[in-house]
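First comes the structure, then the notes that go with it.
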Amino acid sequence: MIRPEEITEIIRRQIEGYIPKADIAEVGNVLQVGDGIARVYGLSNAMSGELLEFPNGVRGLALNLEHDNVGCVLMGEDRLVKEGDIVRRTGRVLDVPVGDELTGRVVNPLGLPLDGKGPVKTSSSRPLEVVAPGIVERQPVKVPLQTGLKAVDAIIPIGRGQRELIIGDRQTGKTAIALDTIINQKDAPPDKRVICVYVAIGQKQSTVAQVVKTLSDHGAMEYTIVVAACASEPASMLYMAPYAGTSMAEYFMWKGRDVLIIYDDLTKHAQSYRQMSLLLRRPPGREAYPGDVFYLHSRLLERACRLSADAGGGSLTALPIIETQANDVSAYIPTNVISITDGQIYLESSLFYSGVRPAVNVGISVSRVGGVAQIKAMRKVAGRLRGDLAQYHDLAAFAQFGSDLDKESRRQLARGDRMTELLKQDQYSPMKAEEQVLSLFAGVNGYLDDVDIARVRPFEAGLLKFARANYAGVLARVREKKEIDDALNTELSALVKEFRAGFK
Amino acid sequence: MKAADRILARRYARAFVAACGGKPRAGVEALAAQRGQLDGVMEYLASPLIPARVKSDILNGRLPAGKGAAAFSLLELLLGVRRFNLLDAVLADAQALCDEREGIVLSRVVSAAPLDRENTAVLKRALERLSGAQVRLETAEDAALIGGFTARVADTLVDASARGAAERLKKQISGGAY
């Protein structure tokens, strides 16, 4: 703790040692300002993306370099800037503070704290925008990132370094999937734990506060950074937020750590960029978005990767979120992000309201990395699950006509009903991989076929409790070996049969 | 002035300099002289409430000898298109264009105390070295600078004032940027 006298002494020394000299700067004058945009006359050597200094501590980003003026977005209140004000070049691009000190903090896109826990004392910074690692610096995605959700880990596995889109209408549980994934990283040892970055773009402050509370309540804030650009902030802050979050995440990735970043959501990010572009008088295209809105997201998501061993072996997994209107995935921004990412998790409101939660439509959700990003045990139990569920949905649609079904079809329907029930999971209750394997093992091997549908979830809960109490060694072997050999298969069968015999 | 008006003024200036043929400096000086004779009536000539005929009479009454010259034609044009409020900006831009053609740059120097002849000459030479062009100095005084001076040449601002030094020291002590 520095005493007031020491501060006075430091300032006195600085004043005594200060050598006044002329300051030479390249400057321009504000021509017009409004709506978070300023047009500046002069600054003929300004670079695109350069940080500019306005009076009263306001900063701006040069985006439009035109014939006789520079169009820039302000990162602060535009009422503090007026016509004729002098604008200075800084000669540097925008950067954000990065470091271990950011974990557990809630910051804005400039790295300023929003959580009232005092200043963030970081020692280094990274540029807001950097070129994504090249092919040489990467290695294939093959290590799973467990979300703790059966429906995702079994059918749509996510690998470390992958970009998996979460897409759906409002109130379908998009953020819940992301938060479950963050919470699920808690049990890993601190030095191996996945660092999480949650970027809130254009959300209500109350929503962000709720997210922070949820993460704190589950002990997940200690390894999470929340970057928030809320709805009331200028469009420039919303535009910067995902890039700032990625720069903060990359710091850990280049140190060899695995990092997860969630962009919640990129629809609002695209809208903020549209607002800035229209105010800068850039030509509007489809849905009034500018022509480079694809590049806006592709250059962001391309920064997600798994680095080669030579580059430290770290990874950055991205879970962008897109909000659709009335399940329309053919709108401009959803199709763009679908084409950029390595898979999509589709959430449907009809499933959500019929009680299927997480409301994942397993029929159309995909992961282009596939089984490579699954542990062998999970691949073995979930291998046929997607196909079986697809057949079940077809058959269920046909069975609605009331025609008599043969025995095999009735069996398929019964199995499908039970597997759908088994994939349901409570919010903020991620499951360990070995417990998921045990649950699914019971389901796919038909041990649930004669259990009443309403009793499937109690059966599952009871089975897990029984296994933890009496067969912890079997679960530990699944966790350690990560595959089911014949011996383990027999042990798992015996475990389930024993529980089933006593289940009422 | 609005950004659009500034751009418009530059277009009028460019057209006027072109209309002056081989002697743009003479044309600009004539325009400056005529502008000087309009002091006191500028507000009327720029007002949209005064009928065009009345404005034309005022212009002809003030500048009886100007008719036929490019400068007078420009004044009549600005009056006709109701853009007389741009006159000062057009004149400044036309002077800047002439300066540019002749390799002269305008430098505005603001000092805390009046500059003597010797200091002005030293400053002019220093600014010419900095800009690599011939400098035309415009001087003004501003006690708010406390001491020293500021000089602006094109996009470069040289701040050697006591106020600027104090601001930089403040920034250094407070840790700067964020």
Side-chain angles (χ1 to χ4, degrees), chain A residues 7 10-34 37-46 51 53 55 57 59 66-71 75 83-84 86-90 92 94-97 108 110-113 119-120 122 125 281, chain B residues 1-11 13-14 89 92-93 96-97 100 105-112 122-123 126-127 129-132 142 145-178:
Chain A
I7 298 171
I10 292 167
I11 295 172
R12 193 181 63 79
R13 275 205 302 272
Q14 279 185 314
I15 293 171
E16 280 174 0
Y18 185 75
I19 302 163
K21 54 186 176 193
D23 173 54
I24 300 178
E26 198 175 327
V27 296
N29 292 85
V30 176
L31 283 178
Q32 99 186 36
V33 62
I37 300 289
R39 291 202 170 267
V40 180
Y41 179 71
L43 299 177
S44 46
N45 295 316
L51 188 65
E53 276 181 2
R59 294 177 165 240
E66 293 175 21
H67 174 61
D68 53 7
N69 70 74
V70 175
M75 294 176 289
E83 186 193 329
I86 284 185
V87 185
R88 286 166 179 264
R89 278 188 65 187
T90 63
R92 60 190 179 94
L94 195 60
D95 54 17
V96 288
N108 77 357
L110 296 173
L112 294 174
V120 186
T122 54
S125 63
R281 298 190 169 276
Chain B
M1 181 180 276
K2 290 179 190 167
D5 285 348
R6 192 176 283 265
I7 293 166
L8 206 55
R10 201 160 307 130
R11 286 183 185 152
R14 223 173 281 143
D93 284 339
L97 278 171
E100 197 181 308
V105 286
L106 177 68
S107 175
R108 290 191 178 84
V109 177
V110 182
S111 56
V122 170
L123 195 57
L127 291 172
R129 262 202 315 277
L130 179 75
S131 63
D142 182 2
L145 293 180
I146 307 168
F149 70 92
T150 64
R152 172 99 180 249
V153 193
D155 284 353
T156 306
L157 178 72
V158 180
D159 187 349
S161 69
R163 185 179 66 182
E167 277 169 4
R168 289 194 293 280
L169 177 62
K170 179 183 163 189
K171 203 169 170 181
Q172 190 181 314
I173 290 172
S174 66
Y178 299 111

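Convention: sequence-line order gives letters A, B, ...; per-chain numbering from 1. For the numbers below, each heavy atom of this structure counts, side chains included, while hydrogens, waters and symmetry mates do not.
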Review point. Non-hydrogen atoms of chain B under 4.5 Å away: do they reach the side chain of A:Arg88, the backbone, both or neither?
Key: side chain
Review point. Between atom CD1 of B:Ile7 and atom CD of A:Glu66, what is the distance when rounded to the nearest 0.5 Å?
Key: 8.0 Å
Exercise for review: Over all heavy atoms of both residues, which pair between B:Thr156 and A:Val27 is shortest? Give the atoms and the distance, please.
Suggested key: C-CG2, 4.5 Å
Study note, to complete from the structure: B:Arg6 meets the side-chain hydrogen bond (donor to acceptor under 3.5 Å, both in side chains) criterion, sequence neighbours left out, with none
Exercise for review: Kindly compute the distance separating CD1 (A:Ile86) from OG1 (B:Thr150), expressed to the nearest 0.5 Å.
Suggested key: 7.5 Å
Practice item. Apply side chain to side chain contact (heavy atoms under 4.5 Å, CB included) to A:Thr122 and list each qualifying residue two or more places apart in sequence or on a separate chain. Key: A:Pro97, A:Glu101, A:Leu102, A:Val120
Review point. For A:Ile24, is it the side chain, the backbone, both or neither that has a heavy atom under 4.5 Å from a heavy atom of chain B?
Key: both
Practice item. With the side chain counted from C-beta on, respond yes when B:Glu167 and A:Asp23 share a heavy-atom pair under 4.5 Å apart, and no when they do not. Key: no
Exercise for review: Indicate the atoms forming the closest heavy-atom contact of A:Ala22 with B:Val158, along with that distance.
Suggested key: CB-CG1, 4.2 Å
Study note, to complete from the structure: Turns out that what part of A:Glu83 lies under 4.5 Å from chain B's heavy atoms comes down to side chain
